[in-house]
Amino acid sequence: VQLQASGGGLVQTGGSLRLSCAASGLALSTYPMGWFRQAPGKEREFVAAIIWSAGNTYYAESVKGRFTISRDNAKNTLNLQMNSLKPEDTAVYFCASGPRGAIYTADYNYWGQGTLVTVSS
């Protein structure tokens with residue numbers, strides 16, 4: 001199973017980016033999926049998650065109203081639309097599948113390699 005995250009880059013404050021996570025060896029609808037991020041010197045933190053079967057989405061308070069997690073069933077991809085970006089959103093973003101416990105804890109079976117998002121002030 002491989003997850004491939006992409007779409008990161010450098011953007012100015014207030015700008016937008018769209019991250020994608022493609023899977024091989026796994027149908028993304030098999031397990032709940034999440035996005036996490038890790039800034040330099042900090043622990044990996046929860047950003048958003050989706051439970052495919054119910055279509056339920058969950059967000060960290062810090063991104064609620066600005067980020068949207070979604071799925072593209074045809075392409076077997078997970079997306080994260082990030083709007084109104086702030087410098088504090090700067091981090092490496094990871095997609096993950098198959099939570100072992102609560103969806104907001106960084107304890108998943110499968111992880112993508114991460115994509116860097118840098119928001120300049």
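What you see below is based on every heavy atom in this structure, not just the backbone, and it leaves out hydrogens, waters and symmetry mates. Here, residue 1 is the first one in the sequence, and each next residue gets the next number.
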Check: M33 and C21 side chains under 4.5 Å, non-hydrogen atoms: yes
Greater than 12 external heavy atoms within 6.0 Å of Q2's CD: no
Selection residues 9-37 - residue pairs positive for ring-ring contact (aromatic ring centres under 6.0 Å, His included), sequence neighbours left out: F36-F46, F36-Y108, F36-W111
Any residue meeting salt bridge (charged side-chain N to carboxylate O under 4.0 Å, His left out) with E88, in chain and number order, not counting sequence neighbours: none
Inter-residue atom distance S84.OG - D89.CG, 0.5 Å rounding: 9.5 Å
Check: Q4 and Q113 side chains under 4.5 Å, non-hydrogen atoms: yes
May I have the list of side-chain donor-acceptor pairs in residues 95-105 shorter than 3.5 Å, sequence neighbours left out?
unit_1 : atom_1 : unit_2 : atom_2 : d
R100   : NE     : N109   : OD1    : 3.0
R100   : NH1    : D107   : OD1    : 2.5
R100   : NH2    : N109   : OD1    : 3.4
T105   : OG1    : A102   : O      : 2.8

Side chain to side chain donor-acceptor pair (under 3.5 Å) against R71, all qualifying residues, sequence neighbours excluded: none
Shortest non-hydrogen contact between V92 and G114, atoms and distance: CG1-CA, 3.7 Å
N/O donor-acceptor pair under 3.5 Å between T90 side chain and T118 backbone: no
Donor-acceptor under 3.5 Å (N76 side chain, L28 main chain): yes
Listed partners of Q38 passing side chain to side chain donor-acceptor pair (under 3.5 Å), at least two apart: R44
Check against side chain to side chain contact (heavy atoms under 4.5 Å, CB included), L80 and V47: CA-CA 10 Å; L80 185 68; V47 175; 4.1 Å; yes
Test salt bridge (charged side-chain N to carboxylate O under 4.0 Å, His left out) applied to K64 - qualifying residues, sequence neighbours left out: E61
S20: side chain to side chain donor-acceptor pair (under 3.5 Å) partners, not counting sequence neighbours: N79
Name every donor-acceptor pair, under 3.5 Å, that has one atom in a side chain of residues 11-19 and the other anywhere in the protein, sequence neighbours excluded.
unit_1 : atom_1 : unit_2 : atom_2 : d
T13    : OG1    : S120   : O      : 2.7
S16    : OG     : N83    : OD1    : 2.9
R18    : NH1    : Q81    : OE1    : 3.2

Listed once per pair and sorted, the ring-ring contact (aromatic ring centres under 6.0 Å, His included) pairs that draw on residues 49-83, sequence neighbours left out: none
Residues in side-chain contact (heavy atoms from CB on, under 4.5 Å) contact with A91, at least two apart in sequence or another chain: R37, A39, Y93
Minimal non-hydrogen separation, A23 against L3, with atom names: CB-CD2, 3.6 Å
Side-chain heavy atoms of L78 within contact of I69, under 4.5 Å: yes
